[in-house]
Number of protein chains: 2
Amino acid sequence: MRKIPEPTVLRLSTYRRCLEDFKAQTNLPFVSSNELGRLAHRNAAIVRKDLSYFGEYGVPGKGYSVDHLLKHILRIMNLRREHRAVLVGAGNLGRALLGYPGFKKLGFRVVAAFDNDPRKVGRKIGEVAIFPVSKLKSEVERKKPAFGLITVPAAAAQESANLLVEAGVRAIINFAPARVWVPPRIVLRNVDLTRELEVASYYLG
Amino acid sequence: MRKIPEPTVLRLSTYRRCLEDFKAQTNLPFVSSNELGRLAHRNAAIVRKDLSYFGEYGVPGKGYSVDHLLKHILRIMNLRREHRAVLVGAGNLGRALLGYPGFKKLGFRVVAAFDNDPRKVGRKIGEVAIFPVSKLKSEVERKKPAFGLITVPAAAAQESANLLVEAGVRAIINFAPARVWVPPRIVLRNVDLTRELEVASYYLG
DNA sequence: CGTCTGTTGAGAAATATTTCACAATTTGAT
DNA sequence: ATCAAATTGTGAAATATTTCTCAACAGACG
């Protein structure tokens, strides 16, 4: 299999969401690259090229089967199985993430949350128990989640990352407003909630 | 001024954050493109090229003045003034956004929040009053925020966008897990909180 | 002042990504 | 069975972005 450009990987996630919306709104069984491109604000050719990296799935004259394409994208993205994750930081952001509908739907299951606030420890967010951070290592070693989600204040972000790496997670998604460093073997993705506001501000100016 | 590539605009936001971290951690007055590139996980040449789009600010032999560069990036991004914003949806996600430290620091001031839940209306999140959605138009027309932030459930996202557009905001940042359509004159940015999880899942697979 | 060091800015080259354009294919109608 | 219409998949062309390279320059030091 050829190497897939990162822009393509990012767009696959967009296509997935567009397809879900398309299905919910029209219930049509097929979608053309033209239509999908319109929904994703992309040229139809790039949609076809993106999809063709992974094989031929379209039907000339008809388009792509919405259901097959959705399943296919999930397979490509390694999302057809459950992923265990832990959450460090049980504040509003952590709560918001746990409540984000895409989360469960994509197969991410949060198996534990950690927080240093004694008022939070022992309580639950939905189904998820909140442990003290001192239990992070033992819980992660026991439950073996691949993903660690960081939703702590900026000052605690790096330390949370260190703990997660030491405990053995393989990927870290950092939602804290600070950059963290991890060893190269760990997949790290930084999410900056204000980035799109900044970009919008730029285009407005 | 030449047209600035979108990747550059996105990286500027990253540089800003890296510079803030660099300043907090080292307190050094100058940073080289090499160092900044290391922090942002980028090649030094692209850092210099990005910055040179906007003029010459570096000092050969020394690098860039951290403070000047920060101010300069803020000016380029149109962030050296206050931006008023309104929030539609006063749930966990809205609350998390309002508490996100970058928000205030970048000059975004949320002047009103809206929600349909009668238990929330009349209360406050921090300093921000929660109004019923029926008041959205009048409040926006009175306070003239440029930004509308959507943090409602998927099903209500499009309607929220419609209301914001009709009321006259100029940019919409959609954090809801559904795509929305707005007229081309509106700056629209979609934020998908699960995207980076999906991408991490891809690279893990 | 001259020299050495470290670093910028930017043209040129390399690479990556997107778009074009069209032959090939399937559908659906007659 | 034939044909018109629609749409795919992909090589080639166009465009965009990144990286290389190095002349030019500022600062430090003797």
Side-chain angles (χ1 to χ4, degrees), chain A residues 1-15 18-19 22-23 26 28-73 76 199 202-203, chain B residues 1-15 18-19 22 26 28-73 76 195 199 202-203:
Chain A
M1 195 192 275
R2 273 169 289 182
K3 188 188 148 267
I4 306 306
E6 164 138 352
T8 294
V9 178
L10 289 166
R11 281 193 298 268
L12 284 178
S13 159
T14 303
Y15 299 152
C18 290
L19 284 168
F22 180 83
K23 190 179 172 182
T26 71
L28 293 172
F30 280 82
V31 64
S32 70
S33 61
N34 220 289
E35 182 72 4
L36 188 51
R38 206 178 50 73
L39 293 171
H41 300 117
R42 298 286 161 181
N43 180 298
I46 198 72
V47 173
R48 294 200 297 277
K49 186 139 300 199
D50 284 343
L51 299 179
S52 72
Y53 280 120
F54 304 98
E56 304 184 9
Y57 294 90
V59 183
K62 282 187 89 174
Y64 300 86
S65 154
V66 174
D67 286 333
H68 284 178
L69 192 48
L70 268 172
K71 274 201 195 117
H72 195 57
I73 289 178
I76 293 163
V199 174
Y202 172 84
Y203 285 117
Chain B
M1 194 192 279
R2 273 168 291 181
K3 190 187 146 267
I4 308 306
E6 164 137 352
T8 293
V9 178
L10 290 165
R11 280 192 300 267
L12 284 178
S13 159
T14 302
Y15 300 152
C18 291
L19 284 168
F22 181 81
T26 71
L28 293 172
F30 281 82
V31 65
S32 69
S33 60
N34 221 288
E35 182 71 4
L36 189 49
R38 208 179 47 74
L39 293 171
H41 301 115
R42 299 284 161 184
N43 179 298
I46 198 75
V47 174
R48 294 200 296 277
K49 185 135 304 196
D50 283 343
L51 299 180
S52 72
Y53 280 121
F54 305 98
E56 304 186 10
Y57 295 89
V59 182
K62 285 186 88 175
Y64 300 86
S65 153
V66 174
D67 285 334
H68 285 177
L69 192 48
L70 268 172
K71 273 201 196 116
H72 195 58
I73 290 178
I76 293 163
R195 163 167 301 182
V199 174
Y202 173 83
Y203 285 116

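In this structure, a donor-acceptor pair under 3.5 Å is present between the side chains of B/His72 and B/Tyr57.
A heavy-atom distance below 4.5 Å is found between the side chains of B/Leu12 and B/Leu51. Side-chain contact between A/Val199 and B/Leu10 is present, with heavy atoms from C-beta onward closer than 4.5 Å.
Among residues at least two apart or in separate chains, salt bridge (charged side-chain N to carboxylate O under 4.0 Å, His left out) pairs with a member in residues 46-65 of chain A are A/Arg11-A/Asp50. Each salt bridge (charged side-chain N to carboxylate O under 4.0 Å, His left out) pair with one or both residues in residues 35-46 of chain B, not counting sequence neighbours, appears once here: B/Glu35-B/Arg38.
One finds a side-chain N or O of A/Arg11 lying less than 4.0 angstrom from the OP1 or OP2 phosphate oxygen of C/dT18. Between B/Tyr64 and the phosphate of C/dG6, there is no side-chain N or O to OP1/OP2 separation shorter than 4.0 Å. Residue B/Arg48 places at least one side-chain N or O closer than 4.0 Å to OP1 or OP2 of C/dT8. Proximity of B/Tyr53 to the phosphate of D/dT18: no side-chain N or O atom is located under 4.0 Å from OP1 or OP2.
Residue A/Ile46 contributes atom CD1, which lies 14 Å from atom P of D/dT8 at whole-angstrom precision. Taking atom OH of B/Tyr57 as the reference point, atom C1' of C/dA10 lies 16 Å away to the nearest angstrom. At whole-Å resolution of the value, CD in A/Glu56 and P in C/dT26 are 10 Å apart. Summarising the geometry, the separation between CG on A/Leu28 and P on D/dT7 is reported as 12 Å, rounded to the nearest angstrom. Here C/dA16 presents its P atom at 7 Å from NZ of A/Lys3, a figure rounded to the nearest Å. As rounded to whole Å, 15 Å separates atom C1' of C/dT18 from atom CG of A/Leu10. Taking atom NE2 of residue A/His72 and atom P of nucleotide D/dG9, one finds them 10 Å apart after rounding to whole Å. Rounded to whole Å, atom C1' of D/dT15 lies 16 Å from atom CD of B/Glu6.
The nucleotide whose nearest atom lies closest to any side-chain atom of B/Ala45 is, among D/dG9, D/dT19, C/dG9, D/dT19. Which of D/dT17, D/dT10, C/dG9 sits closest to the side chain of B/Ser52 comes down to C/dG9.
Here the CD1 atom belonging to A/Ile76 is positioned 8.0 Å from the CG atom belonging to A/Leu69, to the nearest 0.5 angstrom.
Shown for residues 33-44 of chain A: residues whose heavy atoms fall under 4.0 angstrom of DNA chain D, namely A/Ser33.
When each of B/Val31 and A/Pro60 is assigned the nucleotide of DNA chain C with its nearest heavy atom, B/Val31 is the one assigned upstream, toward the 5' end. DNA chain C is contacted by both A/Pro7 and A/Lys62; A/Pro7 maps to the nucleotide lying nearer its 5′ end (nearest heavy atom per residue).
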Could you please spell out the steps behind the side chain to side chain contact (heavy atoms under 4.5 Å, CB included) verdict for B/Ile4 and A/Tyr202? CA-CA 11 Å; B/Ile4 308 306; A/Tyr202 172 84; 3.2 Å; yes
Full working for side chain to side chain contact (heavy atoms under 4.5 Å, CB included) between B/Leu36 and B/Tyr64: CA-CA 10 Å; B/Leu36 189 49; B/Tyr64 300 86; 5.8 Å; no
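The base of C/dT17 has none of its N or O atoms less than 3.5 Å from a complementary donor or acceptor on the side chain of A/Lys49.
A/Phe30 comes within 4.0 angstrom of no nucleic acid atom, judged by non-hydrogen atoms across all strands.
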